[in-house]
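Below you'll find the structure, written out as structure tokens, and then a few comments.
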Amino acid sequence: MSDLHEAILGWYDAHQRDLPWRRPEATPWGVMVSEFMLQQTPVVRVLPMWKAWMTRWPTPAALAAEPSGEAVRAWGRLGYPRRALRLHAAAAAIVEQHDGAVPDEYDDLLALPGVGDYTAAAVASFGFGRRHVVLDTNVRRVFARLLAGHEFPAPGVTKAERALAASVLPHDDSAAVWSVAVMELGALVCTAVAPRCDACPVAHLCAWRTAGRPTYAGPERKVQTWAGTDRQCRGRLLAVLRDADGPVHRSALEAVWDKPDQRDRALRGLVDDGLATQVGPDSFALPG
DNA sequence: CACGCGTGGAC
DNA sequence: TGTCCAAGCGT
């Protein structure tokens, strides 16, 4: 094993967080649920939700047996509620196509709703110990600094970047642990803002640090706007539906957003996306 | 491939 | 205090 691998795996062994989906008793379904919830969402906010979901829906079949609206409701304020819808659809697909067992093949995982390259690789790796290149925002940042000498990776995953990640992926059964270890290093030490190089186990090998930590010089990184957007409007509207026991009258939705045009557009969007249904001339609800 | 998609915490 | 960020996906 190289110095690089020994340093990162040793650091992970000593400093990893005790997260429930990483424990030996965690099921592939538990891993999959965690990966859905962790898409663009911090660990601290996922923890309580994951526990609640695993208690209520310990298997794909349990989730698939309920209306999709219940998944949306239980998603609460985790954000990006379409993930709840897709997780529900993925559970249904697992029941129908895989006898209720989360598939262990990357290609089968990738075919599930809401599962892209990252999530397929993560579930195959962390749920089944398979060997895959796992490229998330943390891994990309760590490799950009450590191996390429850049503060941040390019906006999109490049061919060269994937090849570089593949070149350091262990060939033995430590590949999955390696991936989660690099990810953890990015989450705890090699952070986007104020990285703690003094606590980094591979600082002595880091190309970015050797170069004097040059600031990012690539294309402008896009920043999401929020106030006044359709996205904010959708969030308000869906919160009303989520917090209600049954159907909601249009007036209750009108009360949470001033601009009629934008409100109507957002509501149509929610219905189009399957996050809401119109159950009467002037009433709406979560999908059944 | 650029964009839209939620939410809340940190600085 | 506004800006940036957090285990991405689908179109």
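Per chain, numbering begins at 1; letters A, B, ... match sequence-line order.
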query: Are A/L85 and A/Y80 side-chain neighbours, meaning at least one heavy-atom pair lies under 4.5 Å?
result: no
message: If I take atom CZ in residue A/R45 and atom C1' in nucleotide B/dG9, what distance separates them, rounded to the nearest angstrom?
response: 8 Å
- prompt: In whole angstrom, what separates A/L109's CG from C/dG8's P?
  reply: 17 Å
- request: Taking the side chain as every heavy atom from C-beta outward, state whether A/R234 and A/D273 have any atom pair closer than 4.5 Å.
  value: yes
message: Nearest to the side chain of A/T41, heavy atoms from C-beta on, is which of B/dG8, C/dC5, B/dG6?
response: B/dG6
List every contact pair, protein side and nucleotides 3-5 of chain B side both N or O, where the distance is under 3.5 Å.
from: B/dC5; atom 1: O4'; to: A/R82; atom 2: NH2; distance (Å): 2.9
from: B/dC5; atom 1: N3; to: A/Y80; atom 2: OH; distance (Å): 3.3
from: B/dC5; atom 1: N4; to: A/Q224; atom 2: NE2; distance (Å): 3.2

task: Could you tell me how the ring of A/F143 sits relative to the ring of A/W178: parallel (under 30°), tilted (30 to 60°) or perpendicular (over 60°)?
output: parallel
query: Should stems be defined as at least three consecutive Watson-Crick or G-U pairs with both distances under 3.5 angstrom, which of them involve DNA chain B?
result: B:2-5 with C:8-11, B:7-11 with C:2-6
Counting only pairs under 3.5 Å, give me each side-chain donor-acceptor contact of residues 163-171 of chain A, with atom names and distances, residues two or more places apart or in other chains.
from: A/S167; atom 1: OG; to: A/L164; atom 2: O; distance (Å): 2.6
from: A/H171; atom 1: ND1; to: A/R131; atom 2: NH2; distance (Å): 3.3

task: Examine the side chains of A/Q40 and A/R83 and answer whether a donor and an acceptor come within less than 3.5 Å of each other.
output: no
A/D99 atom CG, neighbour heavy-atom count above 12 within 6.0 Å: no
task: Report the distance from atom CE of A/M49 to atom C1' of C/dA6, rounded to the nearest whole Å.
output: 16 Å
Exam field: side chain A/T55 to backbone A/W53, donor-acceptor pair closer than 3.5 Å: no
message: Any base atoms under 4.0 Å from A/A122, or only sugar-phosphate, or nothing? Heavy atoms, all strands.
response: nothing
- request: Write down the distance between CZ (A/R22) and P (C/dA7), rounded to a whole number of angstrom.
  value: 11 Å
field: C1' gap between C/dA7 and B/dA2, integer Å
entry: 22 Å
query: Start at the 5' end of DNA chain B and walk down; is the nucleotide closest to A/V193 or to A/Q39 reached first?
result: A/Q39
For the student: nearest non-hydrogen atoms of A/F126 and A/A176, plus distance: CE2-O, 3.5 Å
- prompt: Taking side chain as C-beta onward, heavy atoms only, is A/Q16 less than 4.5 Å from A/V180?
  reply: no
field: Side chain proximity check, A/L87 to A/W75, heavy atoms < 4.5 angstrom
entry: yes
task: Could you check how far OH of A/Y118 sits from P of C/dC9, rounded to whole Å?
output: 8 Å
Closest listed nucleotide, where the reference is the side chain of A/T137 and the choices are C/dA6, B/dT7, B/dG6: C/dA6
- prompt: Below 4.0 angstrom, N of the basic side chain to O of the carboxylate: do A/E66 and A/R73 qualify?
  reply: no
- line: Taken in chain and number order and not counting sequence neighbours, the residues that satisfy side chain to side chain contact (heavy atoms under 4.5 Å, CB included) with A/H132 are A/Y106, A/A121, A/A124, A/S125, A/R130
query: To the nearest angstrom, how far is A/M32 atom CE from C/dC9 atom P?
result: 11 Å
Minimum side-chain heavy-atom gap A/E35-A/Y118 below 4.5 Å: yes
query: Quick one: are A/F284 and A/L270 in side-chain contact, heavy atoms under 4.5 Å?
result: no
message: I need the residues from residues 235-265 of chain A with at least one non-hydrogen atom less than 4.0 Å from DNA chain B; give them sorted by number, or say none.
response: A/G235, A/R242
query: Below 4.0 angstrom from OP1 or OP2 of C/dC5, is there any side-chain N or O of A/R221?
result: yes
- prompt: Checking all strands, does A/P113 fall into the base, sugar-phosphate, or nothing category for heavy-atom contacts under 4.0 angstrom?
  reply: sugar-phosphate
- request: Would you jot down, in residue-number order, the residues of residues 4-19 of chain A having a non-hydrogen atom under 4.0 Å from DNA chain B?
  value: none
- request: Starting from P on B/dG6, measure out to CZ on A/R83 and report it in whole angstrom.
  value: 10 Å
- prompt: Using the C1' atom in both, what is the distance from C/dA6 to B/dG6, to the nearest Å?
  reply: 12 Å
query: So does A/D258 have more than 12 non-hydrogen atoms from other groups sitting under 6.0 Å from CG?
result: no
- prompt: When we call it a touch if two heavy atoms are under 4.0 Å apart, what does A/W21 touch: a base, just sugar-phosphate, or nothing?
  reply: base
- request: Remember a base hit wins even if backbone is also touched, and classify A/V115 as base, sugar-phosphate or nothing at under 4.0 Å, heavy atoms.
  value: sugar-phosphate
query: Between A/N138 (CG) and C/dA7 (P), how many Å, whole number?
result: 4 Å
message: With a cut-off of less than 4.0 Å, is there a side-chain N or O of A/T119 near OP1 or OP2 of C/dC9?
response: yes
task: Select from A/G114 and A/G186 the residue whose nearest nucleotide in DNA chain C is closer to the 5' end of that strand.
output: A/G186
